[in-house]
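Everything below concerns the one structure shown next.
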Amino acid sequence: MLGLKLATDPRWAHLAETNIEEILTDHAWCEQKAATNAITIIANNPEHTDLVTELLLLAQEELDHFRMVHDIIKKRGYTLGRERKDSYVNELFKARIKGGNRQQNLVDRLLFSAMIEARSCERFKVLSENIKDEELSKFYYQLMVSEAGHYTTFLGFARKYGEGLDVDKQWKELIEIEAEIIQRYGKSESIHG
C-alpha cells in the first residue's frame, strides 16, 4: 500500500485496542505535529504561493483531526495526556538527506512529510479493518482516506519543486530507509509505535 515496503502486522491493531486511551492520546498529538509541520514548511517557503495555499488547508484539516480525536477522548471520559515522543518520526527525520541548498531542503522535508502521511494512512487502514470498536473502525477509515490525500500532496509538491533533482530516486531511497526503521516498531499502543 502506498509503495511502502513493509506492511503493519494486523496484530498491532489488537495491541492498540487494549489501551484505546493511549492510542487516542498518541494519535491526537500526531495530528497536532502534522499541522505544525505544514506550518513550518509554509514559514520556510512563503514564496511558493500554491504550496502555501495547499498546506494552509492541510494544516487546518490536521487541526480538525486533532479536535475530532480530542472529542472522542472527552466523549469516552478520558483525558488528553501529555505529548508523546515519536521515536519512529525522529529516526526518519535523522535519516533524511541533510544539508544542501534551499531547494534540496524543501524536497527533503516534503518527502519526509509524505512518508509519515503514507505510514499513518497505512496504520489507519490496519486499525479500521482490525479493531472491534465500530465507532473507531469507521473513524479510522475516514482518516485513512484523508491521509492518503496528504501523502499525494506532499509527494506532488516534492516533484514540482524538485526540478533538476532526482526526486523519484530520493523517494525510493527513503522507502528503503523507512522499511528498515519500521521493522523496530509495531509493538506499542501508538500510531507509529
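Residues H27 and Y140 bring their aromatic ring centres within 6.0 Å.
Residues passing the salt bridge (Lys or Arg N to Asp or Glu O under 4.0 Å) test with E62, sequence neighbours excluded: none. By the side-chain hydrogen bond (donor to acceptor under 3.5 Å, both in side chains) test, N90 is found to be paired with no residue, residues two or more places apart in sequence or in another chain being considered. Listed by chain and residue number, Y88, E91, L92, A95, I177, R184, Y185 satisfy the side chain to side chain contact (heavy atoms under 4.5 Å, CB included) test with I181 (two or more places apart in sequence, or in another chain). Under the side-chain hydrogen bond (donor to acceptor under 3.5 Å, both in side chains) criterion, E61 pairs with S146, H150, not counting sequence neighbours. Under the rule for a salt bridge (Lys or Arg N to Asp or Glu O under 4.0 Å), R123 has no partner lying at least two apart in sequence or in another chain. For S120, the side-chain hydrogen bond (donor to acceptor under 3.5 Å, both in side chains) partners at least two apart in sequence or on another chain are H192. Applying the side-chain hydrogen bond (donor to acceptor under 3.5 Å, both in side chains) test to N19 and every residue at least two apart in sequence or in another chain returns nothing. Here E31 pairs with nothing under the salt bridge (Lys or Arg N to Asp or Glu O under 4.0 Å) rule; sequence neighbours left out. Applying the side chain to side chain contact (heavy atoms under 4.5 Å, CB included) criterion to T49, with sequence neighbours excluded, gives T53. For the side chain to side chain contact (heavy atoms under 4.5 Å, CB included) test, residues two or more places apart in sequence or in another chain that qualify with T36 are Q32, T40.
Inspection of the D108 and Q104 side chains reveals an N or O donor paired with an N or O acceptor under 3.5 Å. Side chains of R109 and N37: a donor-acceptor N/O pair is present below 3.5 angstrom, by distance only.
Grouping Ile, Leu, Val, Met, Phe, Trp and Tyr by side-chain contacts under 4.5 Å, direct or through others, puts F154 with I41, I42, L51, V52, L55, L56, L58, L106, L110, F157, Y161.
Comment: E21 does not engage R76 in a salt bridge, judged by the lack of any side-chain N to carboxylate O separation of less than 4.0 angstrom. The existence of a salt bridge linking E176 and K172 is excluded, since no basic side-chain nitrogen approaches an acidic carboxylate oxygen closer than 4.0 Å. Contact check on K132 versus E17 returns no salt bridge, with no Lys/Arg side-chain nitrogen under 4.0 Å from an Asp/Glu carboxylate oxygen. With salt bridges taken as basic N to acidic carboxylate O contacts below 4.0 Å, one links R119 and E178.
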Subject >> Verdict with supporting geometry, C30 and D86, side chain to side chain contact (heavy atoms under 4.5 Å, CB included) >> reply: CA-CA 8 Å; C30 286; D86 194 327; 4.0 Å; yes
**OP:** With side chain to side chain contact (heavy atoms under 4.5 Å, CB included) as the test, would you mind laying out the steps for L143 and L127 before giving the verdict?
**Re:** CA-CA 11 Å; L143 290 183; L127 285 171; over 6 Å; no
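Residues E180 and L6 form no side-chain contact, since every pair of their non-hydrogen atoms from C-beta on lies 4.5 Å or further apart. No side-chain heavy atom of E129 sits less than 4.5 Å from a side-chain heavy atom of F124.
Distance alone, capped at 3.5 Å, is enough to place a donor-acceptor pair between the D26 side chain and the I191 backbone. Panel note: side chain R11, backbone K187; no donor-acceptor pair is recorded below 3.5 Å. Checking side-chain atoms of S137 against main-chain N and O of D133 turns up no donor-acceptor pair under 3.5 Å. Looking at N45, its side chain never comes within 3.5 Å of a backbone N or O of H48 through a donor-acceptor pair. The backbone N or O of T8 lies less than 3.5 Å from a partner atom in the side chain of E122, making a donor-acceptor pair. Side chain of D166 to backbone of K169: a donor-acceptor contact under 3.5 angstrom is found. Side-chain atoms of T18 come within 3.5 Å of backbone atoms of L15 as a donor-acceptor pair (strictly under, hydrogens ignored). The closest donor-acceptor contact from the side chain of W171 to the backbone of A158 lies at 3.5 Å or more, if one exists at all.
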Which donor-acceptor pairs under 3.5 Å do the side chains of residues 66-75 make with protein atoms, sequence neighbours left out?
unit_1, atom_1, unit_2, atom_2, d
R67, NH1, D71, OD2, 3.2
K75, NZ, E135, OE2, 2.8

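In this structure, CG in L165 is found 4.0 Å from CD in Q103, a value given to the nearest 0.5 Å. Rounded to the nearest 0.5 angstrom, I23 CD1 and R84 CZ are separated by 10.5 Å. Summarising the geometry, atom CD1 belonging to I182 is positioned 13.5 Å from atom CD1 belonging to I175; distances are rounded to the nearest 0.5 Å. Remark: I131 CD1 to L136 CG distance equals 4.5 Å, nearest 0.5 Å.
Around the CD atom of E47, the shell of radius 6.0 Å holds more than 12 heavy atoms that belong to other residues, nucleotides or ligands.
When every heavy atom of E189 is checked against every heavy atom of A16, the shortest pair comes out as CG-CA, 4.2 Å. What you find for A59 and A38 is that their closest heavy atoms are CB-CB, 3.9 Å. In this structure, Y151 and A114 approach most closely via the heavy-atom pair CD1-O, 3.5 Å. The two residues A13 and N130 come nearest to each other via the heavy atoms CB-CB, 3.6 Å.
Following chains of ILVMFWY side-chain contacts shorter than 4.5 Å, one cannot reach I39 starting from W29, and the two form parts of different hydrophobic clusters.
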